[in-house]
Amino acid sequence: MSLALKSPAKINLFLRILHKRSDGYHELASLFQAIDLCDELIFKKAETDSLTCSDSSLAVDGSNLVNKAIHLYREKTGYSQPLQVHIEKNIPQQAGLGGGSSNAATTLYALNQLNETPVDDKMLVQWAGEIGSDVAFFLSKGTAYCTGRGEKLYPMPELPVQEYTLVKPSYGLSTPLVYSKYSSSLLPKNPPEISLKSFYEQKPEYYNDLEQAAFLAEPKLQTLQSLLIDAGFKIVHLSGSGTAFFCLGEGKVDIPDVKVFKARSLTRPNDQWY
Ligand code: C5P
């Protein structure tokens with residue numbers, strides 16, 4: 001018995017940082033959108049556990065979020081079936097596209113499918129937050145407003161389908177490094193609830209409060225954003241803590257050492273995976 005599931009990437013249509021918390025995390029509010037740039041995960045019942053990945057640069061030990069999700073699901077439910085898992089990687093790493101978090105959420109969903117006594121979706125969402133801040137989002141239908149560390153999930157209605165151009169430079173950035181460079185600006189900012197409404201009133205406000213922090217961590221990113229605006233794109237923002245940009249509008253990317261992907265927003269049907 002085997003189960004092959006897509007594991008999509010995400011972008012943050014807006015990302016507001018509210019304040020730094022006493023536990024070291026940042027309180028945020030963000031509108032997340034799943035996109036059709038996907039990894040594929042294959043789960044097979046086996047005699048012993050194993051994890052393999054098409055990308056040899058990705059660790060397949062206990063630090064891999066797939067293994068963390070398996071461990072957590074077993075701990076919570078007692079499900080003990082050994083599994084052979086393979087990750088076919090397409091989502092770039094250290095890109096702010098949530099690839100690892102998506103793999104973890106897909107794993108929770110898969111194990112729950114394979115388990116004869118599944119738990120309800122709300123439980124999975126709660127457990128997702130224990131693995132990482134972005135994991136819960138990937139258990140939504142594809143569009144969600146997330147608050148807290150990012151783990152509090154408010155599913156939102158589907159937005160009109162859009163095509164994005166994703167631009168990923170060869171270098172990546174670590175999420176903790178970018179957060180460590182964040183300092184709040186004194187400029188007045190729209191509350192995130194207003195930004196959220198703007199997307200449903202056809203006047204979308206795109207922004208990312210982590211951009212300046214990412215530019216401090218890697219100044220070449222600011223130059224890349226300017227090049228993309230000069231290339232003709234109307235909207236150019238970093239996704240999450242970067243280093244991938246998502247762009248809207250028409251632009252001609254003629255920039256060395258970047259990978260360009262076309263991706264569309266993605267929604268999953270009720271009671272089905274992506
Ligand atoms: O939760 P996750 O493991 O994905 O977070 C990785 C790191 O990113 C955290 O250890 C923290 O440094 C930073 N982070 C943060 N505030 C958030 C989410 C992540 O400071 N809301």
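Throughout, numbering of the chain's residues begins at 1 and tracks the sequence. Heavy atoms only: backbone and side chains are in, while hydrogens, waters and symmetry mates are out. First listed ligand is number 1; within each ligand, the first listed atom is number 1.
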query: Where the closest heavy atom to atom 7 (C) of ligand 1 is concerned, which of Ser101, Gly148, Pro176, Gly24 has it?
result: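 Nearest option to atom 7 (C) of ligand 1, by heavy atoms: Pro176.
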task: Between Gly98, Gly132, Ser241, Gly129, flag the one that comes closest to atom 3 (O) of ligand 1 by a heavy atom.
output: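 Looking at heavy atoms only, Gly132 sits closest to atom 3 (O) of ligand 1.
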- prompt: Short N/O distance, under 3.5 Å, between His26 and ligand 1?
  reply: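 So ligand 1 has an N or O lying under 3.5 Å from an N or O of His26.
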Among all protein heavy atoms, pick out the one at the shortest distance from [atom]; state its residue, atom name and that distance to 0.1 Å.
{"atom": "atom 8 (O) of ligand 1", "result": "Thr175 CG2, 3.4 Å"}
{"atom": "atom 19 (C) of ligand 1", "result": "Tyr179 CE1, 3.5 Å"}
{"atom": "atom 4 (O) of ligand 1", "result": "Ser133 N, 3.6 Å"}

field: Salt bridge present between Lys262 and Asp36 (N-O < 4.0 angstrom)
entry: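 Looking at Asp36 together with Lys262, the answer is no, because their closest N to O distance does not fall below 4.0 Å.
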- prompt: With no hydrogens and no angle check, is any side-chain donor or acceptor of Asp39 less than 3.5 Å from a backbone partner on Ile91?
  reply: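 Yes, Asp39 side chain to Ile91 backbone: donor-acceptor pair under 3.5 Å.
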query: Between the side chain of Arg268 and the main-chain N/O of Ser140, is any donor-acceptor distance below 3.5 Å?
result: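 Yes; judged by distance alone, with no hydrogens or angles, the pair exists.
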message: Could you walk me through whether Asp257 and Ser170 satisfy the side chain to side chain donor-acceptor pair (under 3.5 Å) test, starting with their C-alpha distance in whole Å, then the side-chain angles of each, then the deciding distance to 0.1 Å, before giving a yes or no?
response: CA-CA 6 Å; Asp257 300 325; Ser170 54; 5.5 Å; no
task: Take the angle between the ring planes of Tyr109 and Trp273 and call it parallel below 30°, perpendicular above 60°, tilted in between.
output: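 Parallel, since the angle between the ring planes stays under 30°.
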- request: For Leu28, take its heavy atoms, then give the atoms of ligand 1 lying under 4.0 Å from any of them.
  value: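 Contacts of ligand 1 toward Leu28, numbered from 1: 21 (N).
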- prompt: Which of the atoms in ligand 1, numbered in the order shown and given with their element, are less than 4.0 Å from a heavy-atom of Arg149?
  reply: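 In order of numbering, the contacting atoms are 1 (O), 17 (C), 18 (C), 21 (N).
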- prompt: Roughly how far apart are Lys6 NZ and Asn90 CG, rounded to 0.5 Å?
  reply: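 Atom-to-atom, Lys6:NZ and Asn90:CG are 11.0 Å apart.
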query: What distance separates Arg149 CZ from Leu28 CG, expressed to the nearest 0.5 Å?
result: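 So the CZ of Arg149 and the CG of Leu28 are separated by 9.5 Å.
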task: Indicate, as side chain, backbone, both or neither, the part of Tyr25 found under 4.0 angstrom from ligand 1 when only non-hydrogen atoms are considered.
output: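 Looking at Tyr25 and ligand 1, atoms from backbone and side chain both fall under 4.0 Å.
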